[in-house]
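Reviewing the structure listed below.
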Amino acid sequence: MSEKKIVLKSSDGKTIDVAKAVALQSQTITHMVEDSCVGNEIPFENVTGQVLAKVIEYCKKHVVVDGETLTCKTVAHVIHTRTIDEIRTFFNVENDYTPRKKQ
Amino acid sequence: MNSKRMDIGSKDVISSLPDALICHILSFLSTKDAALTSVLSKRWRNLLAFVPILDLDNTIYDHPKMGRRKRLQMRTSFKVFVDRVMALQGNAPLNKFSLRCKIGRDPSRVNGWILKVLERGVVDLSLYISSEYKYPLPPQVLMSKTLVTLKVAGTDEFTIDVMDVYLPKLKTLHMEDVSFDDETGASFAKLISACHALEELVMTKMMLDFWESCSVCNPTLKRVKIYAENIDENPKSVSFDTPNLVYLEFTDTVAAKYPKAKFDSLVEASVGIRMTPDQVFHARDLVNRHYGYTTKLVGNVADFLMGISNVKILYLSSEALE
């Protein structure tokens with residue numbers, strides 16, 4: 001499971017390595033990435049290392065689906081209460097299984 | 001900015017969700033529900049391999065009303081399912097394993113799963129095993145260097161034989177309706193004393209009233225809850241040597257003796273020590289008392305109460321007061 005990683009740098013010089021997709025759960029980080037990405041490192045001049053770590057923690061436990069932020073637990077509840085087709089719609093997952101050939 | 005997000009569309013959002021996040025979501029589901037998501041798409045197919053929590057429950061499908069053949073069918077398909085999931089996960093480290101099932105005469109398949117998860121370094125193990133035949137807990141469970149939480153429950157055919165104990169990280173131990181091979185209470189005492197990091201002990205529906213002695217001796221214990229349902233039997237001897245205990249909940253019939261009640265650090269206690277219906281009858285026997293017969297008080301609760309006398313918050317049940 002290798003994913004693209006980015007480095008976030010806090011105002012007090014601390015760096016945090018995080019999977020790009022996880023970090024992008026945060027709108028703030030997304031904007032920073034779009035606006036001021038220097039190579040793979042993104043500077044946060046107004047955020048301390050401690051706060052940045054907390055934000056990343058939050059990102060690891062929340063997902064953004066259809067513009068809404070949900071906790072992973074809520075998403076799990078959605079999966080638990082819906083049919084496979086409903087889940088596909090909710091997540092907009094494309095069924096890429098090829099149907100079995102009739103023999 | 002918002003329109004830019006909508007432009008990307010949800011499709012991109014989901015395909016860009018890292019596997020780690022999806023696995024985290026799946027860890028909140030029962031393993032059966034998590035396995036169902038594998039049909040969503042190819043990407044979802046093998047994610048179960050990376051979910052470090054297994055929650056397996058066959059009891060909801062095992063109803064007498066279903067008829068014997070159907071139940072056996074369900075049991076077989078459950079076993080096949082678990083075998084497949086275990087094979088998929090291989091030797092990946094496992095955080096939590098929770099198993100609720102009924103077993104028949106041969107527990108070897110279930111024991112195979114338990115041994116495998118112990119090998120994988122499981123941290124939190126919950127076994128609820130109901131059986132009509134004697135089911136001994138695999139001794140390897142008491143020899144795990146990774147276990148932090150252990151919960152065992154079943155019908156009293158689930159027995160624990162305490163031989164070698166090595167549970168250096170165990171902090172939480174819950175036992176419900178299980179029995180010890182050695183019914184004197186010595187095995188229980190040995191198990192509790194041998195857990196050098198134990199902080200929480202919960203015992204419910206245990207037959208401690210029939211032991212020679214129930215002895216809770218452990219210097220690291222902070223919270224203990226003992227709830228014995230039996231109302232007709234008095235335990236012979238109950239001892240506590242728990243100098244660091246902060247919270248105690250104890251409900252049982254009055255013991256014949258309390259050799260030790262060492263609670264130096266107790267802050268809150270909820271005590272429901274009661275008499276058996278026979279003892280209540282004799283204690284209330286006003287007729288004989290009138291004629292000068294004194295009833296011998298069975299069990300000296302005073303020793304116990306002295307032991308907890310420095311507690312800050314105390315709840316006494318109405319039966320205890322009598």
Side-chain angles (χ1 to χ4, degrees), chain A residues 1-6 17-35 56-100, chain B residues 1-57 60-61 85 88-96 98:
Chain A
M1 281 202 298
S2 59
E3 287 147 337
K4 202 164 176 200
K5 292 219 161 179
I6 53 174
D17 245 11
V18 65
K20 186 170 183 180
V22 170
L24 291 184
Q25 298 300 307
S26 153
Q27 278 227 336
T28 317
I29 295 181
T30 308
H31 294 156
M32 291 295 282
V33 169
E34 288 163 2
D35 294 342
I56 295 302
E57 267 303 302
Y58 180 85
C59 289
K60 284 185 181 160
K61 294 192 176 144
H62 292 77
V63 294
V64 178
V65 179
D66 274 344
E68 264 189 73
T69 304
L70 303 165
T71 60
C72 288
K73 212 167 177 182
T74 311
V75 178
H77 182 74
V78 167
I79 293 177
H80 179 64
T81 54
R82 312 238 175 133
T83 66
I84 288 293
D85 280 329
E86 284 169 347
I87 297 170
R88 278 215 185 91
T89 313
F90 180 81
F91 281 110
N92 219 321
V93 175
E94 201 184 300
N95 183 357
D96 54 356
Y97 282 115
T98 47
R100 267 189 165 150
Chain B
M1 303 288 181
N2 269 339
S3 59
K4 197 174 182 185
R5 287 224 106 182
M6 293 304 272
D7 207 0
I8 297 171
S10 329
K11 204 171 185 179
D12 260 11
V13 174
I14 204 55
S15 58
S16 71
L17 264 190
D19 285 352
L21 263 184
I22 298 189
C23 286
H24 188 59
I25 293 169
L26 293 180
S27 71
F28 289 106
L29 296 166
S30 71
T31 302
K32 181 179 161 287
D33 280 348
L36 287 174
T37 65
S38 61
V39 304
L40 287 173
S41 78
K42 282 184 183 162
R43 188 221 174 166
W44 285 74
R45 181 165 52 194
N46 289 324
L47 288 181
L48 191 55
F50 304 107
V51 178
I53 293 181
L54 287 178
D55 176 6
L56 304 155
D57 186 346
I60 41 183
Y61 303 109
V85 172
L88 181 68
Q89 295 206 335
N91 291 324
L94 188 65
N95 215 334
K96 183 170 173 178
S98 165

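Quick caveat, the model's predicted, so the values are computed rather than measured. Order of the sequence lines fixes the chain letters, A, B, ..., with proteins taken first and strands second; residue numbering starts at 1 for each chain.
- Across Ser41(B) and Tyr97(A), no two heavy atoms sit closer than the pair O-OH, 3.3 Å.
- In terms of heavy-atom proximity, Ile84(A) sits nearest to Leu36(B) at CD1-O, 3.5 Å.
- When all heavy atoms are compared, the tightest approach of Leu21(B) to Cys59(A) is CD2-O, 3.9 Å.
- To the nearest 0.5 angstrom, Leu40(B) atom CG is 12.5 Å from Glu94(A) atom CD.
- Here the CH2 atom belonging to Trp44(B) is positioned 13.0 Å from the CG atom belonging to Asn95(A), to the nearest 0.5 angstrom.
- In this structure, the portion of Lys60(A) lying under 4.5 Å from any heavy atom of chain B is its backbone and not its side chain.
- A ring pair (Phe, Tyr, Trp, His ring centres under 6.0 Å) check over residues 62-85 of chain A, counting only residues at least two apart or in different chains, returns the pairs Tyr58(A)-His62(A).
- Here the closest non-hydrogen pair linking Ile79(A) and Leu29(B) is CG2-CD1, 3.7 Å.
- Residue Lys42(B) places its NZ atom among more than 12 non-hydrogen atoms of other residues, nucleotides or ligands, all under 6.0 Å distant.
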